[in-house]
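Report on one structure; see the data block that follows.
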Amino acid sequence: MRPPRGQPAPPGSWLMRWAERHCSPVVRDGVVLPIVADLQYEASQAGTRWLARATVYLRHYAGLACAMGYHRLTTRRTALANPKLKAGLVWLLVVPVALLASRAAQFAVVRLASMAFYQAAGPQDWITGASKSVASVFMGASFVVAVWWVAPRRKRVVAGVACGVVLLWAGVLISGAVVQGFNGWLFAMGLSGALGGAVAWGLTRRSAHSAMNDSAFR
Amino acid sequence: MVPVPETPLPSLSSKERIILDLLASNGELYGLQLVKESRGELKRGTVYVTLQRMETKGLIASDAEKLSDDSGLVPRRMYRATPFGLRVRKVWAHAARMLSMGEAGA
């Protein structure tokens, strides 16, 4: 919307150009345009009085900011109905959920072991080492399964990547175990984690849910 | 007997109710006029978000004011309640009255 040549741009012209560049048509036509129309009307009513015009501009720009925020809040559900946006948000959750699942599995197994063996006879470091090794199996498995479960698409590929991460982590543990004198429990934890991750990956590969998901997105 | 299909009753927020009441009593109004007539219940800017939602629901309709092509100004929109909007307003007002009668009689 441009004024005829030689005439100054009407109030709100910069706002209209900004809206055309940065806002969706729905927001531009439903929110910005009516406010600009009111701004132009009230600015014409204010005439040349600078204080009155400044008040009009301030009031309408503040109103626009509130309207944009209110529009965002009230259309939040509509925005989340956008499949691409929803998938993007779900992808962001994959790693935190997987780490949380892994941590939860470790906590559960170690807690169970300490409850089961708290008065057991025998060296405590054996019991601690054994419980941590068993926990590593479940940590590796839960990490892979959680990534596979949360990923919105390409589940098999994503589970493979997660298994790779688990194997990398296990490799770090194993190399740490052998570098400065052999540490049996650290070695066992690394091996157990790798085993858990690999078994979980094998199970997810065979899952019918994976097959359905991947064929839907081929 | 053929059952009559039920029209789902659209929800009506307090602000939508105020807008419908104002349009029912005043006919057609601009957005700024709605804000002024509401005596602070409606706010500038956010009123247009509500009006856009009501227009999507079919409760109100709007027409742009006629301006000359060379003015370079954005036309303001004049809003009016649709017959459907007026019926919805009547139904909700009736429901509110029935509720208050029930409470008074209890």
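A quick note: this is a predicted structure, and the numbers were derived from the prediction, not measured. Note on naming: letters A, B, ... go to the chains in the order of the sequence lines (proteins, then strands), and numbering restarts at 1 for each one.
Applying the salt bridge (charged side-chain N to carboxylate O under 4.0 Å, His left out) rule to Asp29(A) yields no partners; only residues at least two apart in sequence or on another chain are considered. Taking the side-chain contact (heavy atoms from CB on, under 4.5 Å) definition, one finds that Val110(A) meets it with Gln106(A), Ala135(A), sequence neighbours left out. Evaluation of the side-chain contact (heavy atoms from CB on, under 4.5 Å) rule for Ala108(A) yields no partner, not counting sequence neighbours.
Using a 4.5 Å cut-off between heavy atoms, Arg44(B) touches chain A through backbone and side chain atoms alike.
The minimum heavy-atom distance linking Val74(B) with Ala37(A) is given by the pair O-CB, 3.6 Å. Heavy atoms only, all atoms of each residue included: Val26(A) and Gln52(B) are closest at O-NE2, 3.1 Å.
Contacts between residues 47-61 of chain A and chain B, counted as heavy-atom pairs separated by less than 4.5 Å, involve Arg59(A), His60(A).
Among the candidates Ile35(A), Leu64(A), Val32(A), the single residue satisfying the side chain to side chain contact (heavy atoms under 4.5 Å, CB included) test with Tyr48(B) is Ile35(A).
Note that CD of Gln33(B) and CG of Asp38(A) are 10.0 Å apart. Values are rounded to the nearest 0.5 Å.
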